[in-house]
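Below: one structure, written as structure tokens.
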Number of protein chains: 2
Amino acid sequence: MAAQALDALLQQARPEIRAMHPYEPGKPVETLERELGIREAIKLASNENPRGPGASVREALARAASDLSRYPDGSAHTFREKLAAQQGLHPDQILLGNGSNDVLELIARVFLAPGTKGVIDQHAFVVYPLAITGAGGTVCAVPSKDYGHDLPAMAAAVDDATRLLFIANPNNPTGTVASLAEIESLLQAVPSQVLVVVDEAYCEYQHPSASGTALSLLPRYPNLVVTRTFSKIYGLAALRLGYAVAAPEIVSLLNRLRQPFNVNSLAMAGGLAAERAIPFIPSAGNFLTIEVGAAKAYYDALLQEGVIVRPVAGYGLTQHLRVSVGLPEEMARFLASFDRVRAQLAA
Amino acid sequence: MAAQALDALLQQARPEIRAMHPYEPGKPVETLERELGIREAIKLASNENPRGPGASVREALARAASDLSRYPDGSAHTFREKLAAQQGLHPDQILLGNGSNDVLELIARVFLAPGTKGVIDQHAFVVYPLAITGAGGTVCAVPSKDYGHDLPAMAAAVDDATRLLFIANPNNPTGTVASLAEIESLLQAVPSQVLVVVDEAYCEYQHPSASGTALSLLPRYPNLVVTRTFSKIYGLAALRLGYAVAAPEIVSLLNRLRQPFNVNSLAMAGGLAAERAIPFIPSAGNFLTIEVGAAKAYYDALLQEGVIVRPVAGYGLTQHLRVSVGLPEEMARFLASFDRVRAQLAA
């Protein structure tokens, strides 16, 4: 009897959900060790940053952990202000998510419904078809070209039922990348009432000579959404933090469906501390010239930390310091000292 | 031109989302202070636990913060094992969420679609109508009775289009509570293919003489789902952790739509540490008799901490200790010592 009642209940679930298979994440180290009874397993399965975040993040988390009982700031006021200032955006263009997965899913759920379509690449990130299907939409997968997105073919696949395209740039799992010019050609080819979502989870790993981020295209293409994550180069996958940048009107729609406290307090605190953001001149050498403002004060304070860098005021660069690329452990020490010095000078 | 294109794009969004208003959370303290230019504001708006979690949680978070770069265990293996053992459940009956909000929304999204209904109380928690509407369903709000849920009227409101009922017990914001017998009468009156979701976010605040949790009804009613949160009595609202308990088949459906890493690593670590769970005999006096197992060892170790409690082996209770209810600061010290002793004795 109970089994029959349960069957009848399960039949009431949405058919597209019943047909879905859950995402299969990279197996956690602990799970493998438990299953096989082994130790010292390593995980190279989820494209995390193996070095993790710096000491400043752990310090920020320790401070934030003194008030765990209060709900997070659901409006993410401080975080969006800082991120916007750094990236030359308006805070109303930014929507935070519980990882960029959350943001991708919100986009799908706002714009898709049964009878509509989302266009993706044949080898695209598996969360896209899950988000499209979960929202009731239909997946239109376009064959890849040389393991990369065939952007003209994706534009050609758009029809009246298409509501959005998901573009991973660089792509996961193939690692291919489209240039900014190719992304712009896509935006010109796609009708302006169709959303183009460019997922830049891996964008910081591109070579400096690559064309970079689609953020620069936002002012000209209001149907563009760019997503980012703190799970990769920022080393904060455990905390769950990602964001979308889009027209404020689109962000406002996404906010209506967003869970009010979708991002936890420690993710926001950690993300703020991880956004180290030292402006620098793109360098083809084994050194970086960074912009710090009060270069002399930074130089002196770094000396007190036992870290020698090079003032470049003699070159007419009074706001800059030049830093040689040392051993990984030397760079870690430089960064820890830099964070302390910046905190001192800001106080 | 751009404005027209954007308008055309926004018109493509699902009409029910365009009509929604976002949830208005309790204003954070920092926001009020910033807006009014005042200090020392207090927040009594979101029913958090003002004392927050114990030291054991902060210690667990500090340990977990040493590995922020790895994704969380999406299967929540350890957490579900421990929770299941404590509550006499099977781990497959448990689904973790990014707060219980996440779980409530997943339930709505799996079982609701345009043309279907969710039944709620007129004064019920505002997340229920948002979850129902966001999933495309229609809200059927049943008038309250003495500010509480009118459960017979809610059962009578169920029709062929109804897929679920949300019951807050105790209710937020009215604080009313239904007895277990009343919940069971509802379950008997509702067709077994309709889901009855009992949200027990505040269940731990009930008087010990109250009838307690609907978890005990699960074996007899496969259409029952019970939800819980760590945001209230456990003092972890900042971390975002909640869960549902239901038949494994229902949990399996919810898992298909769940974001693979919906719960962050620190929430799981903090939740494990917060689940202090000292079994005790419900007491009508100003003392509690707790079950610790090795009572003599606990007693001796607590003495070393400067904390005197009462062995009750002379009463034939060799596994128990009796603890008087002292001042709040004395109880905090007892709990801190108890946690240390338990960790010592477990090592």
Side-chain angles (χ1 to χ4, degrees), chain A residues 2 5-6 8-10 12-14 17 20 22-23 25 28 31 46 48-50 52-53 58 61-62 65 67-74 77 98-99 101-102 105 110-111 113 134 163 192-193 195 222-223 235-240 247 249 253 255-257 259-262 264-267, chain B residues 2 5-6 8-10 12-14 17 20 22-23 25 28 31 46 48-50 52-53 58 61-62 65 67-74 77 98-99 101-102 105 110-111 113 134 163 192-193 195 222-223 235-240 247 249 253 255-257 259-262 264-267:
Chain A
L6 185 57
L9 171 69
L10 298 174
Q12 302 267 38
R14 286 168 49 209
I17 309 291
M20 280 172 78
Y23 174 91
T31 306
S46 303
E48 299 116 332
N49 176 345
R58 285 194 295 277
L61 291 187
D67 192 7
L68 296 172
S69 67
R70 302 292 169 190
Y71 280 88
D73 174 8
H77 178 90
N98 188 37
N101 188 321
D102 190 29
E105 187 184 277
V110 165
F111 286 94
R163 293 289 175 272
S192 60
Q193 76 274 22
L195 216 58
N223 57 330
L236 295 182
L239 293 181
R240 316 307 299 126
E249 294 85 351
L253 276 180
N255 263 324
R256 291 175 214 189
L257 204 54
Q259 291 175 24
F261 304 112
N262 63 330
N264 70 84
S265 302
L266 299 191
Chain B
L6 185 57
L9 171 69
L10 299 174
Q12 302 268 38
R14 287 168 48 208
I17 309 292
M20 280 173 78
Y23 175 91
T31 305
S46 302
E48 299 116 333
N49 176 346
R58 284 194 295 277
L61 291 188
D67 192 6
L68 295 173
S69 68
R70 302 291 168 192
Y71 281 88
D73 174 8
H77 179 90
N98 187 37
N101 188 321
D102 191 30
E105 187 184 277
V110 166
F111 286 94
R163 293 289 175 274
S192 59
Q193 77 273 22
L195 216 59
N223 58 330
L236 295 181
L239 292 182
R240 317 306 301 127
E249 294 85 352
L253 275 180
N255 262 323
R256 290 176 216 188
L257 203 55
Q259 291 175 24
F261 305 112
N262 63 330
N264 69 85
S265 301
L266 299 191

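Note: hydrogens, waters and symmetry copies are ignored here, and every other heavy atom, side chains too, is used. Order of the sequence lines sets the chain letters (A, B, ...), proteins ahead of strands, with each chain counted from 1.
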Which atoms of A:E105 approach chain B - backbone, side chain, both or neither, heavy atom under 4.5 Å: side chain
Among A:G134, A:P260, A:A8, A:A267, residue most engaged with chain B (heavy-atom pairs, under 4.5 Å): A:P260
Whether A:Q12 side chain and B:F111 backbone form a donor-acceptor pair below 3.5 Å: no
Chain B contact via A:L61 - which portion, at a heavy-atom distance below 4.5 Å: side chain
Option in B:N255, B:L266, B:N262, B:V110 with maximal non-hydrogen atom pairs under 4.5 Å from chain A: B:V110
Part of A:R58 lying under 4.5 Å from any heavy atom of chain B: side chain
A:L236 CG to B:S265 OG distance, which is reported to the nearest 0.5 Å: 11.0 Å
Student check: side-chain heavy atoms of B:D102 and A:N98 closer than 4.5 Å: no
Max heavy-atom pair count under 4.5 Å with chain B, selected residue of A:L10, A:D73, A:T31: A:L10
Gap separating the CG atom of B:N264 from the CG atom of B:L68, nearest 0.5 angstrom: 10.0 Å
Between A:Q259, A:R14, A:Q193, the one whose heavy-atom pairs under 4.5 Å with chain B are most numerous: A:Q259
Selection from A:G99, A:S69, A:P50 maximising heavy-atom pairs under 4.5 Å formed with chain B: A:S69
For B:Y71 against A:R240, the heavy-atom pair lying closest together: CE2-NH1, 3.5 Å
Contact winner vs chain A - B:G52, B:P72, B:P53, heavy-atom pairs under 4.5 Å: B:P72
Region of B:R163 in contact with chain A, defined by heavy-atom distances below 4.5 Å: side chain
Max heavy-atom pair count under 4.5 Å with chain A, selected residue of B:N49, B:L253, B:D67, B:N223: B:L253
Pick from A:G235, A:A62, A:S192, A:A237 with the largest number of heavy-atom pairs that fall under 4.5 Å of chain B: A:A237
Toward chain B, the part of A:A247 with a non-hydrogen atom under 4.5 Å: side chain
